[in-house]
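Heads up, the thing below is written out as C-alpha cells.
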Amino acid sequence: MRRIPGQVYVPDARGRYRPYRSLWVREGRVAGLEPGAGRGEAILPGFHDAHVHIWKIGQLLTDLLDLREVDSLEALTGLLRERDRVLPPGAWLLGRGWNEARLGGVPNRAFLDSVVPGRPVLLTRTCAHIHALNSKALALAGIGPETPSPPGGEIRHEEGLLLERAYGLVERVLPRRTVEDYRRYILAGSRHLLARGITSALEAGADPLLLEAYRSLDQEGLLPLRVSVLAILRPDGEDTLYPLPALHRSERLVVAGVKLFADGGLSGASAAVSRPYREVGGQGVLRLKAEEIFELALPAHRKGFFVATHAIGDVAIREVLAAYARLYREEPRPLRHRIEHFGLPGPKELALARSLGIWVVPQPIFLKELRENFVRYLPEAFLPWCYNLRRMEEAGLSLAFSSDAPVVREVSPVQGALAASLPLTGRGLPLMRSLFYYTRPEASGLEALRLWPGQPADLVVFSENPFTHPEEARVVRVEVDGVAVFEG
C-alpha cells in the first residue's frame, strides 16, 4: 500500500470538496483517506473532458497546419507559402483553426488562389463547421457554380466556402486516413490531455475506422486514459447511415453513445437561431428537425445507446428537446441522452431539459476564446443567454463541462473553470463549482471517479492549490489506476 501525502481534495456527491492530508492507494485503487488539512502539493481527482476531439488534437499536433494562433492574413500568407514549399507536388495543403475575427478577414477562394494557386488547399475554420477552399480544391471535389447545396449544408462557390454537410463533397476526395494514422493521432492527443490533468474524456464523434483504431489500442493495452467514444450515425454529405456498432465496455474504453448534429457553430454564425445574426445576416443552418432526429435516434435508443446531439442555437435546441421528449414518451428507457454545447437555451428550454433529466455539455472556455465572435455576431437580446452557465446550474440541469478542443487552444480544466466566471452578462460560476463539473465521467457512460475509497486511483497533482492560486497551479504528475502516466 502506498501513501500519497499532500493537500488532497475530494468532492462529495454534491460537489463540495473536502480536505484530507493523505491518500492511500492499493493495487491501483483508493484504499483510504486520512482526514485533516494537508501540506505540500495539491491532489485532486483526475479531470474529465466531456466533449473533446482527441484524434483531431493529435492530428493538429502531428500532420495539420495549426492556424489557431494566426492573427492576420499576412501572417497566414507566410505560413501557407512555407508549407507549400515543403509539400510534394500535388499534395493537399490542409490546415485548421482560422477565425476571421482574429485574422481580420476570411481566407476566401480569391485569397487562397493568390497565395497557393498550384495545389489544392483546404483550411477548416476553428469551429470545424466552415471550410475554405481554393479553386484547385473545388475543381477536384467537382464543385462548380451550379452545384446545388446538399440538405443541411451550404455551398458558397464564389467565396470558396463550404458550410455544414456540404463538407462531405470535398471529404470524399481527400487523402484517406488509415487505422494507423488514427492510432498516432489518438496517442498524441491523449498525451496532450494527460499533461493538463485529464484522465478521462469523451471522443465526440467517430467513424467506423476511428472506432477500429480505439478498439485495437484498447485490446493491446495502449490507451493511456479512459475514453468514451460517440459513434457518428450519418456522415456529412451522405444519405446512408453508418451501422450501429456493438456496445462495448472495458476498463479503458466505452462505446455506449451515438452522435448527431442539429446545427452549426455560434462563433461562425452557422448555429440555427431565431433572430438574424448581426453583420453577416442569416439565421444559421438547421441540419435536422425534430422528426428527423427522432427517426435517426430511435434505433440507437432501442439498442441501449445514449444519444448526444450537437445543438447550439435556440432553434436547434428546441428541435432536439422535442425529439428527446418523444423518445422518452414513446419508448421509455433508463437512458440519459445529452445535448452538446447548449449555447442559447431560453427559460422554456432550461425547464424542459431539467424535466427530461438529460445531460447538458457546454464549454466554459468558449466564453474566453470565442467571446469576440459572440459579441460581434449575436443580437443584443441573445447575449444574456449565451453559454450562461449560472442559469443552467440554477435551473437544476445535469452539467458536465468540456473544452471541444481543438476548436479552442486551451484544454486545461482549470483555465476553463476560470472562464466560467466570465459570462457575457450577469454572474458566472465560482471556480470550485466549475471544477466539479469537470469531474463527471458518468455523463459519458463511464464510471464516476472522485477518489472515493474503492474507486480507481485516477488523480492529478498540482504544484500549487488550484482553488486559491489557479494561475500558478501547474500539473506535475498524473496517475491512472495509481500508475504515473505524466510527470512534468
Side-chain angles (χ1 to χ4, degrees), residues 2 4 6 8-9 23 25 28-30 41-62 66 182-204 206 210 213-214 216-218 220-229 250-254 363 365 400-417 435 437-441 443-444 446-451 455-464 466 470 473-488:
R2 177 168 60 104
I4 308 176
V8 184
Y9 293 94
L23 173 78
V25 176
R29 292 187 171 267
V30 177
E41 297 172 328
I43 302 164
L44 276 70
F47 295 120
H48 176 69
D49 192 321
H51 182 115
V52 65
H53 302 273
I54 303 172
W55 79 268
K56 291 181 180 179
I57 293 174
Q59 187 186 35
L60 263 183
L61 291 169
T62 54
D66 189 345
Y182 277 134
R183 285 167 59 99
R184 286 192 298 112
Y185 300 153
I186 291 166
L187 292 176
S190 297
R191 289 191 292 269
H192 190 76
L193 296 184
L194 288 167
R196 277 80 185 162
I198 297 165
T199 57
S200 65
L202 177 128
E203 176 68 77
L210 179 56
Y214 268 110
S216 68
L217 288 170
D218 183 45
E220 296 169 28
L222 296 178
L223 269 183
L225 74 170
R226 304 183 202 280
V227 182
S228 175
V229 180
S250 69
E251 287 295 318
R252 295 289 173 94
L253 180 66
V254 167
Q363 294 73 37
I365 195 65
F401 286 173
S402 63
S403 69
D404 198 19
V407 168
V408 292
R409 299 180 298 278
E410 185 58 74
V411 183
S412 163
V414 174
Q415 293 304 312
L435 278 180
Y437 293 131
Y438 283 102
T439 63
R440 308 196 85 180
S444 303
L446 296 164
E447 180 184 355
L449 301 177
R450 309 272 198 272
L451 290 184
Q455 292 185 339
D458 293 4
L459 57 91
V460 53
V461 181
F462 286 95
S463 59
E464 305 283 341
R474 181 174 58 87
V475 176
V476 295
R477 190 171 79 257
V478 178
E479 296 185 14
V480 176
D481 288 324
V483 176
V485 290
F486 170 81
E487 294 187 85

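The figures here come from the full heavy-atom set of this structure, side chains too, leaving out hydrogens, waters and symmetry mates.
For Pro456 against Val30, the heavy-atom pair with the smallest separation is O-CG2, 4.2 Å. When all heavy atoms are compared, the tightest approach of Pro466 to Val414 is CB-CG2, 4.3 Å. For the residue pair Gly416 and Tyr438, the shortest heavy atom distance occurs at CA-OH, 3.4 Å. Considering every non-hydrogen atom in both Gly197 and Val475, the closest pair reads N-CG2, 4.1 Å. Contact record, Asp218 with Ser250: OD2-OG, 2.8 Å, taken as the closest heavy-atom pair. Counting all heavy atoms, side chain and backbone alike, Arg2 lies closest to Gly482 at NH2-O, 3.0 Å.
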Problem - Steps toward side-chain contact (heavy atoms from CB on, under 4.5 Å) verdict (Ser402, Val52) - result: CA-CA 7 Å; Ser402 63; Val52 65; over 6 Å; no
Exercise for the section: Tell me, with the steps shown, if Val408 and Gln415 meet side-chain contact (heavy atoms from CB on, under 4.5 Å). Expected result: CA-CA 12 Å; Val408 292; Gln415 293 304 312; over 6 Å; no
Practice task
Walk me through it: do Arg191 and Leu61 pass the test side-chain contact (heavy atoms from CB on, under 4.5 Å)?
Solution key: CA-CA 11 Å; Arg191 289 191 292 269; Leu61 291 169; over 6 Å; no
Problem - side-chain contact (heavy atoms from CB on, under 4.5 Å) between Leu446 and His48, worked out - result: CA-CA 10 Å; Leu446 296 164; His48 176 69; 3.8 Å; yes
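Atom-to-atom distance recorded for His192:NE2 and Ile198:CD1 is 8.0 Å, nearest 0.5 angstrom. With values rounded to the nearest 0.5 angstrom, Leu223 atom CG is found 7.0 Å from Ile186 atom CD1. Between the CG atom in Leu60 and the OH atom in Tyr185 there is a gap of 10.0 Å [rounded to 0.5 Å]. Within the model, atoms CG of Asp481 and CG of Leu225 stand 11.0 Å from one another, a figure rounded to the nearest 0.5 Å. Put simply, CG on Leu23 and CD on Glu479 are 8.5 Å apart, with the number rounded to the nearest 0.5 Å. In this structure, the separation between NE2 on His53 and CD on Glu203 is 7.5 Å, given to the nearest 0.5 Å.
In this structure, Ser190 and Ile54 have side chains that are in contact, with non-hydrogen atoms separated by less than 4.5 Å. Residues Ile43 and Tyr9 have side chains not in contact (no heavy-atom distance under 4.5 Å, counting atoms from C-beta outward). Residues Thr199 and Phe47 have side chains not in contact (no heavy-atom distance under 4.5 Å, counting atoms from C-beta outward).
Of the possible donor and acceptor atoms, none in the side chain of Arg226 sits under 3.5 Å from a partner among the backbone N and O of Glu447. Remark: side-chain polar atoms of Gln59 are not paired, donor with acceptor, to backbone N or O of Trp55 under 3.5 angstrom.
When Ser444, Ser403, Ser200, Ser412 are each tested for a side chain to side chain donor-acceptor pair (under 3.5 Å) with Asp49, only one passes: Ser403.
Between Asp404 and Lys56 there is no salt bridge, since no side-chain nitrogen of the basic residue lies less than 4.0 Å from a carboxylate oxygen of the acidic one.
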